[in-house]
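Read through the structure below, which is laid out as structure tokens, and then see the notes.
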2 protein chains.
Amino acid sequence: MSKVLVIEDDAAILRGLADNLKFEGYEVLTAVEGETGYKLQKAQKPDLIILDLMLPRMSGLELCQKLRGEGVQTPILMLTARSEESDRVIGLDLGADDYVTKPFSIRELMARVRALLRRIHSTAELPGQLRFGDVEVDFRRYIARRCGKLVEMTRKEFATLRLLVARAGEVVTRDELLNEVWGFESYPISRTVDNHIAGLRAKLERDPARPVHIRTVHGVGYKFVQS
Amino acid sequence: MSKVLVIEDDAAILRGLADNLKFEGYEVLTAVEGETGYKLQKAQKPDLIILDLMLPRMSGLELCQKLRGEGVQTPILMLTARSEESDRVIGLDLGADDYVTKPFSIRELMARVRALLRRIHSTAELPGQLRFGDVEVDFRRYIARRCGKLVEMTRKEFATLRLLVARAGEVVTRDELLNEVWGFESYPISRTVDNHIAGLRAKLERDPARPVHIRTVHGVGYKFVQS
DNA sequence: GCAGACTGTACATTTTTTGTAAATTTGTTG
DNA sequence: CAACAAATTTACAAAAAATGTACAGTCTGC
């Protein structure tokens, strides 16, 4: 699940943001002033930064510029007060990717957060398509074919396969699968992962009992091999 | 290298855009008002037009309509101010290919410019018209027919269908639909998207309960398939 | 105030996900 | 190489989640 860093000096707002973000399932890091925020960014590499324009000491403006100057590409969502400066200067010069003016509606903010995160996830995409054996998978269309024939796959199955494929050749542990596919919040206790693996094999392997591509590594986890 | 025409009355923004575009290697033409822009388009046939929605005398909207009315296919990227956000749908309806709200981040804008140029270079334009099953839709005229008979469709329904069609084959999530069709400001919490999908199916699908073109991808979103 | 469009809600229905237990496979050790 | 323990697979039922849909309330433009 994505990691979000919030840098905001107003405790009430910070708290509200953090709560809401956690509720939506994000991992949240917080800082009340620029310096700490800067260090957190360095240390934790969040996927998104929410940054107040007005901060004590180092302003959000400076921080943003500093980060961009260092080549940090992490999307930044700026919080600005309406009176705070001509909007367009902010947007154009700073390198923020989006901004919201206070007071903001939390729903709007969350929508923008999702949109920004979606943008990075979709651009830094692994190949949307994949072939192995007599199988073709298209992750963007959510379609899989086996010997040209359509195979229905579920959301979790796609997500599982995607992770395995992203790390093709490497072993992925059940724990890693649980973290990535299921997220931290819900944590199925049982052999759920195994079940989904079984599902995948049943749908994609020529002989599910003797899998070629989705391999078991006994005592460790699973591994995808393309050929 | 591609030629880009920028039509924007604010000198600071125009300058910033031009600099950035040149830096990225585009040939840049500029105009501060619609009439000049119109002439430049005629004379120079740029590959892309970046157009401010609010212009003195002839608005960007008018210019856009005028160009499209004359059959000009050049992709248009519309710049809109935040407060005009409700116009976004209008802008797209009138034939703009994409839009960015001010203040925008230069990086985002550049990304969209590249995307638009890539789109023309790779595939043909989105047709203003579309046929599937026994349905014909004309996005420019806001008309749909089913088995030759006129079907009334609402604004949101058109916008929804348009997004699905623009990404035919791919899955579009509810969140993306909300962002694109509804915008960030108003953000219905509920099953609004589903309802509109239901509406579309009722009007366009032969058997709405067993949709062929507007498909559900469980746990993910919706997907349009032409055949 | 009316008509049409949009949004929210409730509930039925469908699909997916999860847990369990028995069967099978794998790895290890004597 | 047999025997045993540990790990994994499989099938299936139960639970949970997502979706479809009808309808009612709300909003908007005329």
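Within every chain, numbering begins at 1; the chains are lettered A, B, ... in the order of the sequence lines, protein sequences first and strands thereafter.
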**Message:** Exactly one of A:Lys149, A:Arg145, A:Arg146 should register a salt bridge (Lys or Arg N to Asp or Glu O under 4.0 Å) with A:Asp134. Which one does?
**Reply:** A:Arg146

**Fill in**
Among the nucleotides C:dT17, D:dT9, D:dG20, whichever has the atom closest to the side chain of A:Tyr222 is D:dT9

**Request:** Report the distance from atom CD of A:Glu157 to atom P of C:dT16, rounded to the nearest whole Å.
**Result:** 8 Å

**Item:** Minimum-distance nucleotide (side-chain atoms of A:Thr192 versus D:dG20, C:dG19, D:dT9)
**Value:** C:dG19

**Request:** Start with the C-alpha gap between B:Leu109 and B:Leu17, add the side-chain angles, then the distance that decides, and say whether side chain to side chain contact (heavy atoms under 4.5 Å, CB included) holds.
**Result:** CA-CA 9 Å; B:Leu109 190 124; B:Leu17 282 174; 3.6 Å; yes

**Asked** Would one find a side-chain N or O of B:Thr154 under 4.0 angstrom from OP1 or OP2 of C:dG4?
**Response** no

**Prompt:** Starting at NZ of B:Lys223 and ending at P of D:dT19, how long is that distance when rounded to a whole Å?
**Reply:** 14 Å

**Item:** Separation of C:dT17 C1' from A:Leu178 CG (nearest whole Å)
**Value:** 13 Å

**Message:** Does B:Arg191 contact D:dG20 through a side-chain donor or acceptor facing the base, at a distance under 3.5 Å?
**Reply:** yes

**Geometric cation-pi criterion B:Lys223 and A:Tyr142, 6.0 Å radius, 45° cone** = no

**Asked** Are any of A:His196's side-chain N or O atoms less than 4.0 Å away from OP1 or OP2 of C:dT16?
**Response** no

**Asked** Counting any heavy atom closer than 4.0 Å, what does A:Arg210 reach on the DNA or RNA strands: base, sugar-phosphate only, or nothing?
**Response** nothing

**Prompt:** In whole Å, what is the span from the CD1 atom of B:Ile197 to the P atom of D:dT21?
**Reply:** 12 Å

**Prompt:** How many Å lie between NZ on A:Lys156 and P on C:dT15, as a whole number?
**Reply:** 18 Å

**Asked** In whole Å, what is the span from the CG atom of A:Asp194 to the C1' atom of C:dT26?
**Response** 14 Å

**Prompt:** Counting any heavy atom closer than 4.0 Å, what does A:Ala209 reach on the DNA or RNA strands: base, sugar-phosphate only, or nothing?
**Reply:** sugar-phosphate

**Message:** Can you say whether a donor on the side chain of A:Asn195 sits under 3.5 Å from an acceptor on the base of D:dA11, or the other way round?
**Reply:** yes

